[in-house]
Amino acid sequence: MSKHIDELIETKVAAIKEKKNIFEVGRVSKVQNYILEVDGLENIGFFEKVTIEDKAEGYVSAINQRNVVVAVTKKTSDINIGDAVKATGKEFRGLYSPYSIGHIVDMFAEDKLTSKRFDDTIEIPISTKPIPIMDRGSVNRPLLTGITGIDMIYPVGCGQRQLIIGDKKTGKTQIVLDTIVNQKDKDILCIYIAIGKTKKEVKEVYAELLRRGAMEYTIILAAFNDECPPVLTNTPAVGLAIAEHYMLQQNIDVLVAIDDLKRHADVYREISLLTGKVPGRDAYPSDMFYTHASLLEKGCQHKNGGSITILPIIETKGGDITDYISSNVISITDGQIVLSTKNFEDGQKPAIDYGLSVSRLGGAVQTKEIKKIGAVVRRELLSYLETCDVYELANMDEMSPELRNKMLIGKEIRNRLIQYKFSPWSIDKMSVMFNDLVELD
Ligand SMILES: Nc1ncnc2c1ncn2[C@@H]1O[C@H](COP(=O)(O)OP(=O)(O)OP(=O)(O)O)[C@@H](O)[C@H]1O
């Protein structure tokens with residue numbers, strides 16, 4: 001009997017020595033708001049989930065020679081030096097429930113209106129393997145937004161990544177909302193990811209979508225401005241992993257809007273600086289491009305028929321689309337819709353700057369007819385806008401008859417492109433509205 005007990009004890013001690021059945025415990029040695037330095041966690045893994053007493057949860061965001069850095073994701077009370085930090089042996093993950101459709105949820109499957117967590121959750125990994133190139137098909141089906149300036153001139157296809165970029169209050173969110181509302185009865189799941197927005201702003205988006213029956217097929221995944229910053233940086237990855245889950249398991253089309261990536265980059269920079277990463281251009285860390293590229297490369301047309309279309313939003317300052325984050329994302333995406341404050345103030349809504357906007361897939365996702373009309377409209381409009389710049393102060397009466405005619409056509413196109421929010425046009429209506437211009441050509 002005693003031999004048996006000895007054996008049991010020996011096995012147990014051996015297991016403890018190999019650290020198989022216990023998890024390490026470290027101690028907090030430095031607290032910088034939501035970033036902690038922890039000593040004593042020698043065998044912990046990168047991105048491993050940890051708990052800090054009964055006070056907080058987080059994950060390992062950097063491993064240094066002498067200690068590890070923990071980013072806190074949830075906190076119920078203040079963390080102090082000396083608090084015990086327990087390793088969990090599990091990767092840090094988000095949670096998702098299929099019942100989230102129609103609700104505002106966070107990355108831990110908590111309904112933000114009722115503050116209750118959904119049952120039946122599944123774990124969502126924050127970083128998933130890229131979809132292999134051989135599993136990707138070509139983008140050739142349109143994703144109609146109902147906005148003429150987009151569907152006819154700079155179209156978006158299922159599986160495309162199209163950036164929406166512009167200054168504050170130029171209608172960036174409105175384009176996404178119009179697009180979501182236009183997906184009604186089209187078997188598309190929409191995920192609106194709100195990063196660092198206020199509760200009021202997100203509630204307004206929810207109310208607009210609810211009023212138009214669009215919440216039936218939409219999930220609002222929100223990381224509010226008052227949450228721990230690591231939640232803000234990880235939420236887009238969880239949103240895209242949810243999209244990937246639907247695309248791969250149910251072969252459906254998913255539309256993901258990320259509002260916005262500039263805020264995401266700024267929070268990512270803040271965390272990186274606190275973590276001690278070496279700052280690069282504009283103090284952003286050197287993996288900034290990689291972080292956005294790995295998020296956006298989830299956008300694709302899968303060979304199984306499903307797709308993920310991504311509409312990332314970026315807020316600019318003074319209309320500058322050449323800053324570090326904007327030029328990074330412009331080079332990653334398949335085109336951009338640029339919005340201009342001047343157009344917005346002139347009442348030209350949606351305030352698309354047709355000269356700076358691009359769709360690199362263009363006609364590949366349009367029908368033959370709309371492609372033909374769109375090409376003429378774009379050419380006439382761009383030529384009009386260019387002429388306007390040159391002849392800004394010129395009197396129309398002094399122009400040659402051909403030029404005057406061109407100007408009149410251009411002006412007419414501009415006026416016809418004005419569209420009030422939530423008043424989508426069908427492709428047929430667009431072709432009827434602009435057909436006479438093509439005949440004139
Ligand atoms: N086509 C439109 N017709 C009428 N109103 C519009 C149109 N587009 C945008 N708006 C209005 O302009 C305002 C600003 O739009 P929106 O909030 O979408 O801009 P934003 O660029 O996303 O702003 P923020 O910088 O706060 O994120 C909103 O009140 C919106 O309803």
Side-chain angles (χ1 to χ4, degrees), residues 104 144-154 156 162-183 190-212 214 218 220-226 232 235-236 255-267 310-321 323 325-326 329-330 333 336-354 356-357 381 413-426 429-430 433:
I104 306 175
L144 298 174
T145 61
I147 300 170
T148 318
I150 298 180
D151 293 346
M152 201 170 64
I153 302 184
Y154 297 116
V156 180
Q162 184 82 346
L163 170 67
I164 299 167
I165 184 166
D167 281 2
K168 222 175 169 32
K169 296 280 170 233
T170 46
K172 302 183 293 297
T173 308
Q174 191 58 48
I175 288 193
V176 163
L177 297 185
D178 269 308
T179 310
I180 293 178
V181 170
N182 202 43
Q183 304 316 312
C190 299
I191 306 179
Y192 173 79
I193 305 175
I195 315 286
K197 301 239 166 227
T198 59
K199 293 192 175 96
K200 183 171 167 270
E201 283 170 329
V202 176
K203 262 192 189 168
E204 276 168 10
V205 167
Y206 173 75
E208 290 282 17
L209 294 178
L210 194 66
R211 200 171 305 141
R212 289 168 176 83
T218 304
I220 298 182
L221 188 66
F224 296 121
N225 59 347
D226 58 353
L232 270 68
T235 296
L255 168 69
V256 182
I258 311 176
D259 196 356
D260 74 89
L261 275 188
K262 177 73 169 71
R263 179 93 175 97
H264 174 259
D266 289 349
V267 179
I310 311 181
L311 298 178
I313 292 179
I314 283 197
E315 186 183 304
T316 52
K317 284 208 168 69
D320 179 17
I321 59 165
D323 68 273
I325 299 302
S326 308
V329 179
I330 284 175
T333 47
Q336 74 266 2
I337 304 291
V338 182
L339 300 175
S340 111
T341 311
K342 185 174 175 297
N343 284 354
F344 195 85
E345 284 166 355
D346 290 349
Q348 182 73 38
K349 291 177 195 164
I352 302 173
D353 184 326
Y354 293 96
L356 291 176
S357 301
L381 181 67
I413 291 178
R414 239 188 123 170
N415 289 340
R416 288 191 200 175
L417 286 173
I418 294 178
Q419 224 173 320
Y420 196 70
K421 61 180 175 178
F422 299 120
S423 45
W425 285 11
S426 67
K429 183 171 174 185
M430 288 176 200
M433 287 295 284

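Note that the coordinates shown come from a computational prediction; the quantities given were computed from them, not determined experimentally. Below, each value reflects all heavy atoms present in this structure, side chains not excepted, and no hydrogens, waters or symmetry copies. Each ligand, and each atom within it, is numbered from 1 in the order the structure gives.
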Any side-chain to backbone donor/acceptor pair from E201 onto T198? Under 3.5 Å, distance only. yes

Can you list the atoms of ligand 1 that are under 4.0 Å from a heavy atom of E315? 25 (O)

Identify the closest protein heavy atom to atom 12 (O) of ligand 1: which residue and atom is it, and at what distance? F344 CZ, 3.1 Å

Quick check: does E201 get an N/O under 3.5 Å from an N/O on ligand 1? no

Whether the T148 and Q419 side chains hold a donor-acceptor pair (N or O, under 3.5 Å, no angle test) is what I'd like checked. yes

Closest heavy-atom pair, T170 versus F344, reported as atoms and distance to 0.1 Å, is O-CD1, 3.5 Å

Look at atom 4 (C) of ligand 1 and say which protein heavy atom is nearest, naming residue and atom and giving the distance to 0.1 Å. Y420 CE1, 3.4 Å

Sidechain N-carboxylate O distance under 4.0 Å for E345, K342: no

Measure from the side-chain N and O atoms of D260 to the backbone N and O of K262, and report whether any donor-acceptor pair falls under 3.5 Å. yes

Taking S357 for its side chain and Y354 for its backbone only, find out whether a donor-acceptor pair lies under 3.5 Å. no

Under 3.5 Å, is there a donor-acceptor pair linking the side chains of S326 and D323? yes

For atom 22 (O) of ligand 1, the closest protein heavy atom turns out to be T173 OG1, 2.7 Å

Is the closest protein non-hydrogen atom to atom 29 (O) of ligand 1 under 4.0 Å? no

Atom 14 (C) of ligand 1: nearest protein contact (heavy atom, Å): K169 CD, 4.0 Å

What residue and atom, counting heavy atoms only, is the protein's closest point to atom 18 (O) of ligand 1, and at what distance? Q174 N, 2.8 Å

Among protein heavy atoms, which sits nearest to atom 1 (N) of ligand 1, and what does the distance come to when rounded to 0.1 Å? Q419 O, 3.1 Å

No-hydrogen, no-angle side-chain donor-acceptor test under 3.5 Å, N182 and T145: no

Among non-hydrogen protein atoms, atom 31 (O) of ligand 1 lies closest to K421 NZ, 2.8 Å

Min heavy-atom dist K197 to ligand 1 below 4.0 Å: yes

Mark up the atoms of ligand 1 that fall under 4.0 Å of a heavy atom belonging to K168, in ascending order. 25 (O), 26 (O)

When you measure from atom 19 (O) of ligand 1 to every protein heavy atom, which one gives the shortest distance, and what is it? G171 N, 3.0 Å

Is the charged tip of K349 near the ring of Y420: under 6.0 Å from the six-membered ring centre and within 45° of its axis? no

